[in-house]
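The model shown is predicted, which means the values in this text are computed figures rather than measured ones. Labels below follow one simple rule: chain letters A, B, ... track the order of the sequence lines, proteins then strands, and each chain is numbered from 1.
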Amino acid sequence: MQRPKARKPRGFPDRSGAELVTERLMLERIAGVYRSYGFAELQTPAFEYTDALGKFLPDVDRPNAGVFSLQDDDEQWLSLRYDLTAPLARYVAENMDALPRPYRRYAVGTVWRNEKPGPGRFREFTQIDADACFAPAPHADAEIIMMFIDALKAAGVEDSDVEIRLSSRRVMTGLLDVIGVDPEDQATAGTVLRAMDKYDRLGADGVALLLGEGRKDDSGDYTEGAKLEARQIDQVLRFMEGSDMADAFAGNQAGTEGAEELQKIVSTLTELGYGNRVKLDPSVIRGLDYYTGPVFEAALTFDVENEKGQVVQFGSVGSGGRYDGLIARFKGQDVPSVGCSVGVSRLLTALASKAAFEEADGPVVILALEEAEMPRYHRMAQALRGEGVAAEVYLGGAGMKAQMRYADKRGASLVVIVGEDERKAGQVTIKDLRAGKEASQNIDSREQWTEERPGQETVGEGNFVEAVTTRLA
RNA sequence: GCCGCCUUAGCUCAGUAGGUUAGAGCGCUUGAUUGUGGAUCAAGAGGUCCCCCGUUCGAACCGGGGAGGCGGUACCA
């Protein structure tokens, strides 16, 4: 008989223990920030119709690569959501008339992307988003960014560890106009913007190659360039290196307005004390056929290492921006909207590389030494639970040594022992594994080992609950 | 998708310029302790040397193909 191999599909993490506890705490703290700004939770399903997500391949009757899709029994295509914004757009369009304006909601959930996993990058991960719809620039944008910063801080990211990089799609439209590239020309405009996006990593020279003929990277991969002229390339680079975005647009409407909008956002944030956290950065591009105004992302300022200690390219841990056209796909009418998203799974990975998670203590383990006394052991466990102490009775017929090993492996702080001796004497032995662990550092002979019983005490059976809670306190 | 590296015990990794019984450390099990985890000592279990095809008297090792993992790059809502 052919047995299946026990294996996990790649990019789908198994998760347990302290990581999960930390994630739940993180989510609750971020949600708390969102709620404090007046956002209320909305839950939508994991699946949406593929056309509602806008993920059919152009001119083909099949869903785009990158999303997990399947056909329902009526042959309609469904896809797992790849973010929380597309489902929001569907929800708002579907309930347009019933919703207050502005409509503010947050959402927490798992999203799925069918693409190659990388360091800190999974095919299944958690996002927590907040969005305001029917909310025009620039004040809604300033508020979202402010809240985004608060959320990251609540998630445990130190001020010095993160930087909010801000740019604007309208400014980019202006730039393209000025250098003579039609912003509507998806192919060229897209290539130019994607090249700019790589400025951090490749520097001016690398970007120049991508704007011109193309570039072959160190691994030998070749990327086709935008084929701009030298003059245009120079303009783009000068824009990227310049400090004042507005300068670049003498009389260009989109560019000038975009830059003014950014200035208003920055000055609002500065007035509220967030100015030092935000930096204008023309290399922030984000979703090309998605955002229409300001865009921003949170970049970590420390190196992320993998388990082998190698420093690894690590993307942003959250992002957001203005998408005035997303809901128009359904209703034909622009709905000015802006939102942010924290990539919780990725943020956890990054923080884990910085400091290991503390494993919490396991439950108190009550040894099961005498078969006939099982009810007594369960009663003792109940008594502890009644005081809010997590407790379990050992199950399975192993000897005392094996039970102790089990308690150790579980990370139990205390073991409760009632064997024949204790029972006859009306007593309970409590052993503190933590104390023993410490003492073991200094023990190196077998004699010492068998004689000492560190952290062990025997109390009357009426007092054992109190003795346990005192030790745990 | 493209490029590179890697794949030997549960884990981390040695290994022989093709030769019979493939190793270490850690972990695991058992014992030293007939009622005590973690230190120490001893013993033991555990392997299709990623898979397939080929070369060879003989392949974990050489050649070809494939799969998987890792990293980079492309794409990324």
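Using a 4.0 Å heavy-atom distance criterion, A/V67 is classed as a base contact. Note on A/Y82: a base of the nucleic acid sits closer than 4.0 angstrom, heavy atoms only. Using a 4.0 Å heavy-atom criterion, one finds that A/R286 contacts the sugar-phosphate atoms exclusively. Among the protein residues, A/L369 comes within range of no part of the nucleic acid, since none of its heavy atoms lies under 4.0 Å from any strand. Counting non-hydrogen atoms under 4.0 angstrom, A/G66 reaches a base of the nucleic acid. Residue A/E370 is out of contact with every strand shown, counting any heavy-atom pair closer than 4.0 Å.
For A/E224 and B/C2, the CD to P distance is 17 Å, given to the nearest whole Å. For the pair A/K216 NZ and B/G4 P, the interatomic distance rounds to 10 Å; values are reported in whole Å. Taking atom CG of A/D83 as the reference point, atom P of B/C75 lies 19 Å away to the nearest angstrom. When rounded to the nearest whole Å, the span between OH of A/Y290 and C1' of B/C75 equals 17 Å. Distance CG (A/D408) to P (B/U29): 11 Å, rounded to an integer number of Å. Computed from coordinates, the A/L193 CG to B/A77 C1' distance equals 15 Å when rounded to whole Å. Taking atom CG on A/D197 and atom P on B/C76, their separation rounds to 9 Å, with Å as the unit. Taking atom CZ on A/R201 and atom P on B/U73, their separation rounds to 5 Å, with Å as the unit.
Taking OG1 from A/T429 and CD1 from A/I417, the interatomic distance works out to 5.5 Å, rounded to the nearest 0.5 Å.
Checked against a 6.0 Å centroid threshold, the rings of A/F148 and A/F296 count as neighbours.
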Watson-Crick and G-U pairing of RNA chain B written in dot-bracket, each distance under 3.5 angstrom, with | for inter-strand partners: (((((((..((((.....[...)))).(((((.......))))).....(((((..]....))))))))))))....

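Relative to the side chain of A/I417, the nucleotides B/G35, B/U30, B/C76 differ in distance, and B/G35 lies closest. Counting only heavy atoms from C-beta on, A/M404 has its side chain closest to B/G37 among B/A77, B/G37, B/C28.
Remark: A/R215 is not in phosphate contact with B/U73, judged by side-chain N or O atoms under 4.0 Å from OP1 or OP2. For A/K401, no side-chain nitrogen or oxygen approaches OP1 or OP2 of B/U36 to under 4.0 Å. Dashed line: the shortest gap from a side-chain N or O of A/R423 to OP1 or OP2 of B/G35 is not under 4.0 Å. Checking the phosphate oxygens (OP1, OP2) of B/C76, a side-chain nitrogen or oxygen of A/R194 falls inside 4.0 Å. For A/R329 and B/A77, the shortest distance from a side-chain N or O to OP1 or OP2 is not below 4.0 Å.
B/U30 and B/G15 are spaced 30 Å apart, taking the C1' atom of each and rounding to whole Å. For B/G72 and B/U29, the P atoms lie 37 Å apart once the distance is rounded to whole Å. The same atom, P, is picked in B/C70 and in B/G27; the two are 26 Å apart, to the nearest Å. Comparing B/G25 with B/G64, their P atoms sit 36 Å apart, to the nearest whole Å. One P atom belongs to B/G71, the other to B/U33, and the distance between them is 49 Å to the nearest Å. Spacing between B/C62 and B/U55 at atom C1', rounded to whole Å, works out to 8 Å. For the P atom pair drawn from B/G46 and B/A24, the interatomic distance equals 14 Å after rounding to whole Å. Rounded to whole Å, the separation between the P atoms of B/U16 and B/G37 comes to 42 Å.
Between A/R123 and A/E115, no side-chain nitrogen of the basic residue sits less than 4.0 Å from a carboxylate oxygen of the acidic one, so the salt-bridge criterion is not met. Classification of A/R471 and A/E457 as a salt-bridged pair holds, one side-chain N sitting under 4.0 Å from a carboxylate O. Under a 4.0 Å N-O distance rule, the pair A/E41/A/R105 does not qualify as a salt bridge. Remark: A/E163 engages A/K279 in a salt bridge, criterion side-chain N to carboxylate O under 4.0 Å. At a threshold of 4.0 Å, the pair A/D324-A/R322 counts as salt-bridged, since one of the basic side-chain nitrogens sits closer than that to a carboxylate oxygen.
Where A/E115 and A/P9 each meet RNA chain B at their nearest nucleotide, the meeting point lying more 5' is that of A/P9. When each of A/E420 and A/K198 is assigned the nucleotide of RNA chain B with its nearest heavy atom, A/E420 is the one assigned upstream, toward the 5' end.
Within a 6.0 Å sphere centred on CG of A/D205, heavy atoms belonging to other residues, nucleotides or ligands number 12 at most.
You won't find any donor-acceptor pair under 3.5 Å spanning the side chain of A/K431 and the base of B/G35, going by distance alone. Between the side chain of A/Q456 and the base of B/U36, at least one donor-acceptor pair of N or O atoms lies under 3.5 Å.
Side-chain N/O atoms of A/D131 and A/Y323 include a donor and acceptor closer than 3.5 Å.
Taking the six-membered ring where the residue is Trp, A/Y34 and A/Y106 present tilted rings, their angle falling between 30° and 60°.
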